[in-house]
Trainee: 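Quick one: the structure is below, questions incoming.
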Amino acid sequence: MKILVTGGTGYIGSHTCVELIGSGHEVVILDNLYNSSENVIDRIETITGVRPAFYRTDILDKEGLEKVFQENDFEAVIHFAGYKAVGESVAIPLTYYENNISGSINLYQMMKKYGVRNLVFSSSATVYGDDFEVPFKEEYGLGTTTNPYGTSKKMNEMIITDMDNADPERSSVLLRYFNPIGAHSSGLIGEIPNGIPNNLLPYVAQVASGQREYLRVFGNDYDTPDGTGVRDYVHVVDLARAHVKAIEYAAEHTGTEVINIGTGKGYSVMQILKAYEKACGKELPYKVVDRRPGDIAVCYADTKKAEELLGFKAEYDIDRMCEDSYRFYANLENIDK
């Protein structure tokens, strides 16, 4: 299939492009490079031997977006493009809603205009909010989201479902994934956050490289085995493979499917820290600080539906996730960012 990947130079998008190309699909990337670099295209080519077509444009730019559709005959779209920092979304909600909702509607309108009916949407476990018990199951539906980022994902899911209901020939897979970490085994692509990382593993990696003095552990008095928060961490390459299976599923079915992507296991902050220490070969300093408002003790996925519908099961454990992450960060000085 010829597939448009919005946000394809980003962390998850770039890994998905590698897996799509490896599975024989033709990839066209659309990205405004807000949180990524065009040099990622070079690295995708180095890994796969194939250089994907690239358009530097924005989903808010209707003319630029239409040009992409005019010049290509797409069979499917995988939609990653969007702002994703929870804290930032609370500070500038209108910016998040304009980009993540208005921009997405522009994309969906172009899909409709040019007859592209297969979609995989990059959703998130944040749409469950804190209304349900673990493991989170797709049948729970949408919860009460706690920030504009999560609400924008929830609203996209609702919009896509309504579109599918209005057009029986459409097919969408909404992938609700949990906590992606790790990097490609080549050490060429991985997560390079702007500023202070919002997620655990990039922060641990910056402590390991000496960029930050210590890791802040937000609370160690949760009802968990070691008192620290437990999350479902999934290797980004596993997550990328899930997108390939999802877009191939969408091409053969109609309607809307919501599917969790995770390992189905919870790992604590301290378990991740210890696994990263093993990967880098040294102890890493940390300090326990107060809990963050809104954080829950445990969050992990029920993954049965992914196995049954997509034939997908995550392969990599936290040791592999941390090894690949460390390799990427150790190689950063050799990468033209």
Side-chain angles (χ1 to χ4, degrees), residues 11 35 83-96 100 124-136 140 142-154 176-182 191-234 236 262-263 265-280 282-301 318 321-322 325-326 329:
Y11 174 46
N35 196 30
Y83 296 152
K84 63 175 185 175
V86 169
E88 184 181 64
S89 77
V90 175
I92 50 171
L94 286 180
T95 301
Y96 267 66
N100 293 8
S124 165
T126 57
V127 302
Y128 289 112
D130 54 6
D131 297 341
F132 308 112
E133 295 182 356
V134 293
F136 289 132
Y140 288 162
L142 296 165
T144 305
T145 46
T146 58
N147 55 75
Y149 161 73
T151 303
S152 75
K153 293 292 188 185
K154 177 179 174 179
R176 292 178 182 168
Y177 35 84
F178 284 65
N179 297 72
I181 62 175
E191 185 173 15
I192 309 176
N194 288 333
I196 299 173
N198 289 295
N199 299 324
L200 175 63
L201 206 64
Y203 206 107
V204 173
Q206 290 187 4
V207 173
S209 65
Q211 292 176 258
R212 304 204 178 273
E213 187 178 354
Y214 59 87
L215 172 70
R216 290 182 299 166
V217 176
F218 295 100
N220 66 348
D221 57 351
Y222 287 105
D223 185 17
T224 62
D226 61 25
T228 62
V230 170
R231 298 292 181 268
D232 190 337
Y233 296 95
V234 58
V236 67
T263 63
K265 301 174 185 175
Y267 300 106
S268 73
V269 172
M270 293 308 297
Q271 284 178 301
I272 292 291
L273 179 63
K274 294 303 178 186
Y276 208 93
E277 288 179 338
K278 181 180 175 183
C280 69
K282 60 183 178 183
E283 289 190 15
L284 300 176
Y286 69 92
K287 291 183 180 179
V288 177
V289 298
D290 291 340
R291 294 185 184 187
R292 289 181 298 194
D295 273 359
I296 59 177
V298 180
C299 172
Y300 60 93
I318 56 169
M321 297 178 206
C322 291
S325 173
Y326 178 66
Y329 279 95

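These figures come from a predicted structure and were not determined experimentally.
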Trainee: Does NZ or CZ of Arg176 come closer than 6.0 Å to the centre of the six-membered ring of Phe136, within 45° of the ring's axis?
Mentor: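 Checked: cation-pi criterion not met.
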Trainee: Say you draw a straight line from CG of Asn220 to NZ of Lys287; how long is it, rounded to the nearest 0.5 Å?
Mentor: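 NZ of Lys287 is found 14.5 Å from CG of Asn220.
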Trainee: Can you list everything that forms a side chain to side chain donor-acceptor pair (under 3.5 Å) with Ser325? Sequence neighbours excluded, please.
Mentor: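 For Ser325 there are no side chain to side chain donor-acceptor pair (under 3.5 Å) partners, ignoring immediate neighbours.
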Trainee: CD1/Ile181 to CD1/Ile272 distance, rounded to the nearest 0.5 angstrom?
Mentor: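 If I round to the nearest 0.5 Å, the distance is 4.0 Å.
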Trainee: Under a 4.5 Å cut-off applied to non-hydrogen side-chain atoms, are Tyr329 and Glu191 in contact?
Mentor: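 Side-chain contact under 4.5 Å: yes.
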Trainee: Within the side chain of Tyr96, is there an N or O that forms a donor-acceptor pair under 3.5 Å with the backbone of Ala85?
Mentor: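 Flag set: sc Tyr96 to bb Ala85 pair under 3.5 Å.
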Trainee: Does Asn100 reach the main-chain N or O of Lys153 with its side chain, forming a donor-acceptor pair under 3.5 Å?
Mentor: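 Pair absent, no side-chain N/O of Asn100 close to backbone of Lys153.
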Trainee: Within the side chain of Asn147, is there an N or O that forms a donor-acceptor pair under 3.5 Å with the backbone of Val86?
Mentor: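 No; judged by distance alone, with no hydrogens or angles, the pair does not exist.
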Trainee: Are any of the side-chain heavy atoms of Ser89 and Tyr83 separated by less than 4.5 Å?
Mentor: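 They are not in side-chain contact.
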Trainee: Other residues, nucleotides and ligands only: do more than 12 of their heavy atoms fall within 6.0 Å of CG on Asp221?
Mentor: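 Atom CG in Asp221 is packed in, count exceeds 12.
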Trainee: Just jot down the side chain to side chain donor-acceptor pair (under 3.5 Å) partners of Tyr326, sequence neighbours excluded, or say none.
Mentor: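 Not a single residue meets the side chain to side chain donor-acceptor pair (under 3.5 Å) criterion with Tyr326.
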Trainee: Taking the side chain as C-beta and beyond, is there a heavy-atom pair between Leu284 and Leu215 under 4.5 Å?
Mentor: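 Not in contact.
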Trainee: Report yes or no: does Tyr149 contribute a side-chain atom to a donor-acceptor pair with the main-chain N or O of Val90 at less than 3.5 Å?
Mentor: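 No, because the side chain of Tyr149 does not come within donor-acceptor range (under 3.5 Å) of the backbone of Val90.
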